[in-house]
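Atoms within each ligand, like the ligands themselves, are counted from 1 in listed order.
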Amino acid sequence: MPLSQPIRTALPRFGWPIQEKAEPRLHKTLEEANAALDAAGDPSMIVRACRESFQSTKVFCLWITYSDLFDGRYGEYAPQGWGLPPDSPTPPPFSIQPISGCGRGMVAKRSIKSGETIVIERPLLVYPQIVTGTFGHPQGLWGHLEDIFDKSFSYFGEMEKSSYMDLWNCKPLTGTLGNQLVGIARTNGLYSGFSRSKHFPHYAGVYPNISRCNHSCGPNADAKFDEEKMAMTLIAQRTIPAGEQVTISYTAVGAPYAVRQDDLKTKYVFTCACRHCAPTKPSRPSKPLKHPYWNIPTPPSSERVDLKAEIYASDVRRNQLSLRGSHTQVLWAEWLSPSSKQSDRDLVQFHEDALVVLAQEGMESTRIHDIAYLAHACAALEDEAGFRRWGNMLISLSNWSRGDEGELQMKTWQDWVREPKTSPAWGLRVQAKGRMKGKGKA
Ligand SMILES: C[S@@+](CC[C@H](N)C(=O)[O-])C[C@H]1O[C@@H](n2cnc3c(N)ncnc32)[C@H](O)[C@@H]1O
């Protein structure tokens, strides 16, 4: 290859998941949320009774929504009804059981494989996550929401009513039934975004089973919402043995211990005692970490757990995991440049170590990025077997391939795994090294 022709290493060529679609940004402050409301011309809130078809009398969900999502201007959702819900595994691989110190929770009835769908279900209630403005109500937006919800609760059939009222409420009751309805909503709401909204994409949904999942700072499952089907899918992030609780995360798991505890206490009124917050044994990586980026202090081995030191080390690991995204892109570009100082192994080691740290912290839900980079690194090194190994692993984690775009990306990866030489990274590192040698001779 002539020296003047640059090697094309720009990331967009490599497709998702290296280039992931960003989630809509949540309004961070009350001021920002108010500004969005103003920009929307102070939209009103209404309740949509969600049915499978136009003719159906059964309401499966009450959707309290701002007007930009029902007037059709920004793309009406399901004007003819939502259709049948997507198939969920039968029999369900879980049961809802009492859990000591946590009320009830979801427990695996059999071993559930990593990447397996545990349940797909529709919400009973969807409500806006942005809570601002008072709508002239003496109790502010929650009071307003409560009034709306109270009036529309009668749309539900008896089954939906009792399923909803049976859910947990961690919020203090101040005397009215309306508080109980909203308390349940705020205790059990899981992020359910509607991206076609012009101003308010951020909603929360309450689910009959998925909302039973208790929290862990190293959760073994993750819930993803499909706005077109109005359905939430719960997916195992690692193998869940029979008898183990199925957990999700209620807070940003990348945040430090103190921030997580504070958030959980404020929003859900409990102190987390998961194995990352209250470890009963020292945490060690399953393999020694070799890449300098992962040079993380390890508390000294001893019989007694040094809680402070363990939590500090866990905070450092989570911080490094959170920061690795931008580091990854720099490493990748440098590793592919003809003047790279890195060895062939460096980039691979960085991501293999990341997978070890992710498993240590129970944060496997973000491992897909490292797996994609490992596949691309093998392609760049013309290592066909390595590319197939990581590529197949990526394909087996099917939770990223939702929607039309996801299906296309999955198909692209399947094609690349079948014919590794067609993958966009094929031979890039080999070519870069060849150029370096060529330069040396000249
Ligand atoms: C969405 S509900 C989860 C299901 C609930 N446990 C039930 O019985 O229906 C959230 C509530 O469960 C409890 N919870 C969840 N995770 C917990 C944990 N790790 N430790 C203690 N309590 C927890 C808290 O009371 C929290 O407010």
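- Without hydrogens or angle criteria, N188 side chain to I184 main chain gives a donor-acceptor distance under 3.5 Å.
- Side chain to side chain, E310 and S283 fail the donor-acceptor criterion of an N or O pair below 3.5 Å.
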For ligand 1, list all ligand N or O to protein N or O distances below 3.5 Å, rounded to 0.1 Å.
from, atom 1, to, atom 2, distance (Å)
ligand 1, 6 (N), C102, O, 2.6
ligand 1, 6 (N), R104, O, 2.7
ligand 1, 6 (N), N214, OD1, 2.8
ligand 1, 8 (O), R104, N, 2.7
ligand 1, 8 (O), R104, O, 3.3
ligand 1, 9 (O), R212, NH1, 2.6
ligand 1, 12 (O), N214, OD1, 3.4
ligand 1, 14 (N), N214, OD1, 3.4
ligand 1, 16 (N), H215, N, 2.9
ligand 1, 19 (N), H215, O, 2.9
ligand 1, 25 (O), W168, NE1, 3.1
ligand 1, 27 (O), Y268, O, 2.8

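- Checking R260, K265, K267 one by one against D263, the salt bridge (Lys or Arg N to Asp or Glu O under 4.0 Å) holds for a single residue, K267.
- Side-chain atoms of Q261 come within 3.5 Å of backbone atoms of C272 as a donor-acceptor pair (strictly under, hydrogens ignored).
- W413 and H376 have their aromatic ring centers within a separation under 6.0 angstrom.
- Under the 6.0 Å distance and 45° angle rule, R196 counts as a cation-pi partner of Y77.
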